Amino acid sequence: MCGIIGLVGSFNHYDVLLKGLKRLEYRGYDSSGIGYLNKDGIVINKYPESVDTLFKEVKKFTAYCSIGHTRWATHGKVSYKNTHPFISKNGLFCLVHNGTINNFLTLKEELISNGYIMNGDTDSEVLVNYLEYLFLNNHNILLSLKLLDSKLDGSYSLVIISKNEEALYFLKNQTSLLLIEKEEGYVLTSDVYSLDDKEINYYEFEDHQYGKIDNNVEIYKNDIKISHNFKRLIKDDVNINSCSCYLEKELFECPALIEKEIQYYSKSESIPQNVINELNSKRKIYVIGCGTSFHAGLIFKEIVDKEVEVILASEFIYQNKSLNENDGYIFISQSGETLDVIRSIEKVKNAFFISITNNKDSTISRKSKYHFDIMVQKEISVASTKAYFGEVVFLYILAKRMNDENYKEIFDLPFRMNQIKSNIKEIETLAYQVKEYKNLLFLGKGIDYLSCLECSLKLKEITYIHSEAIYLGELKHGPLALINKDFPSIILITNDELKEIGEISINEIKSRDGKVFIKQFDSSYKLSFLLQVYYYDFLAFLVAKNLGVNIDKPRNLAKSVTVE
Ligand code: F6R
């Protein structure tokens, strides 16, 4: 899973390529590399490190065409031999790949039996060699791309340099690839944000399209030439000014952004009545997302008076149950680029569905007739915080509209979040204690348990402290065995009626020398379950800061998961 970019034309290739890769790092930052063609042939620079290393190590260059890659490792360790771009055995092609190939071992065996030697573990290295292998039999690159496409099982966006041509070749299936038209030439890339231009003319390739881009654009599918029309896109202002830590910035700006979102979605026309009616008319609604977005979906189920099943996109894709035509779907994805969610949409594309993202220029929003933007501005930190609140706010209003209930309590949310923000000293004291532990439980009941899921994910993701969310009532059915003086619990209770039962669990923990942390929230406020998440997001941030880890880029992760 990765970000890719390719340029052909009179660009300042060094500048546009490296800055483009930096902007694509949300898709992975395990390693990075570039390849370009100039009068001396194909040159490659690559490092098993992030794009910052490219800025330090790569000397300025000029080129006819160039390609770049920033990697999130799927096949093989983070190492030089597994870093893109890859060059084919006879040096005819140089390639970058985003996606995963399921049958690459079969192709690899075929190549090995034909005298190819591959040094690394990736599927992508097999692709570049297989392309060359096909080409050496037919001497036609476009034909070879078509044949390659027919051989592959998986997802792939490929951008390719051919040794003898001032052009880029490409092939696309199941993962996004865009063509952008610029004055200097053309850009092939995973997403529109790899360029910092405010206005962009782009064409989105369809699955199984392949072709050649130089001064001209040649796009084919099954030998048939495809005409293309560029769409004009005016991007939202993306405020990614440098700051020491985006997570901190994103937590702090959250209340103000949520306030705007609440103002917008409380106007009845912003969620059209026909959407409310359609959803209400469904037998059942499936809510589909991953990670934090999945957690936001669980809140919707809790609020809405309707049969809802919240399901992880990675599970939904492989469910064998037949689809009921009376069901509706809600897809949630902050980035709008998560492949599991995209594949889930493809599974139900003829049914009624809406999507909720924080990116109106994303693959998911483009695929959706009804798309709702959570309006919290681009999230840079890998851990999703403000987007969670943006998603829950939208889903809360949607659920209340579907229930035909008022939701006036939500207008108070930004003010109450601001109160937490201004009381950060208290959370700092807690962080100082929590940083000493290696394990921790978040315990809650009902909707508070759903908050526990999100708090626990955030803590483990950015601090590497192992944490689990457990239903309070389940403690004595197993997890209590973990409790001792080194294994504390954070209890989330916002419902007064549950305080007594909470006390019992607290005593059970304390009797086993377990430390208990508990913060009281106003139980008369309906959205206190959400305030808890804001509070403990700050805790995760402050613990991570104390531990001195890379807060915005936790190890092994990527902002957007564009592979299965
Ligand atoms: C956690 C986190 C991830 C994402 C998940 C889905 O902090 O960021 O769990 O929520 O990868 O991403 P989107 O919402 O972009 O589909």
Side-chain angles (χ1 to χ4, degrees), residues 1 3 24-29 72 74 175-176 190-191 193 245-247 250-251 254 287-300 310-317 330-345 355-365 367-368 371-392 394-395 442 450-465 467 469 533-534 536-541 544 549-564:
M1 179 189 75
L24 286 170
E25 264 195 329
Y26 76 90
R27 290 168 164 258
Y29 39 79
W72 184 75
T74 56
T175 128
S176 63
S190 308
D191 99 21
Y193 285 97
C245 167
Y246 282 105
L247 187 79
E250 288 162 3
L251 280 172
C254 190
V287 181
I288 297 162
C290 308
T292 288
S293 295
F294 171 77
H295 293 163
L298 293 171
I299 304 288
F300 176 76
V310 190
I311 178 162
L312 290 165
S314 51
E315 291 297 311
F316 182 72
I317 307 169
I330 299 179
F331 295 97
I332 314 170
S333 171
Q334 182 282 131
S335 60
E337 296 293 347
T338 300
L339 186 67
D340 285 336
V341 183
I342 297 172
R343 293 203 49 202
S344 301
I345 291 184
S355 69
I356 299 156
T357 79
N358 191 29
N359 182 359
K360 64 183 173 50
D361 310 320
S362 62
T363 308
I364 290 175
S365 55
K367 282 184 183 294
S368 312
H371 165 253
F372 298 93
D373 182 2
I374 58 168
M375 304 166 64
V376 293
Q377 296 178 2
K378 195 164 176 77
E379 197 174 56
I380 305 289
S381 169
V382 165
S384 203
T385 54
K386 62 176 180 172
Y388 174 76
F389 298 100
E391 289 169 351
V392 174
F394 175 82
L395 290 164
F442 280 95
L450 307 183
S451 299
C452 287
L453 287 170
E454 180 53 15
C455 297
S456 168
L457 176 61
K458 223 74 335 164
L459 188 77
K460 67 167 79 94
E461 185 180 4
I462 63 171
T463 69
Y464 315 134
I465 292 176
S467 77
V533 180
Y534 194 50
Y536 291 114
D537 276 1
F538 269 114
L539 177 71
F541 156 65
V549 294
N550 185 343
I551 298 176
D552 285 336
K553 288 185 181 159
R555 68 182 178 219
N556 305 340
L557 298 180
K559 182 70 185 155
S560 179
V561 185
T562 60
V563 289
E564 265 191 60

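First listed ligand is number 1; within each ligand, the first listed atom is number 1. The model shown is predicted, which means the values in this text are computed figures rather than measured ones.
- The backbone N or O of V533 sits nowhere less than 3.5 Å from a side-chain atom of K458 that would complete a donor-acceptor pair.
- Partners of L539 under the side-chain contact (heavy atoms from CB on, under 4.5 Å) rule, at least two apart in sequence or in another chain, are I427, L430, A431, V434, I490, Y536, V543.
- Annotation: side-chain contact (heavy atoms from CB on, under 4.5 Å) contacts of K553 (sequence neighbours excluded): K22, E25, Y29, N550.
- Applying the side-chain contact (heavy atoms from CB on, under 4.5 Å) criterion to T175, with sequence neighbours excluded, gives N98, S155, S157.
- A heavy-atom cutoff of 4.0 Å around ligand 1 is satisfied by the protein residues C290, G291, T292, S293, S333, Q334, S335, T338, V382, A383, S384, L457, K458, E461.
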Please report the C-alpha distance between C290 and V341 in whole Å, then the side-chain angles of each, then the deciding distance to 0.1 Å, and finally whether the side chain to side chain contact (heavy atoms under 4.5 Å, CB included) criterion is met.
CA-CA 8 Å; C290 308; V341 183; 4.0 Å; yes
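- Between atom CD1 of residue I374 and atom CZ of residue F389 there is a gap of 11.5 Å, rounded to the nearest 0.5 Å.
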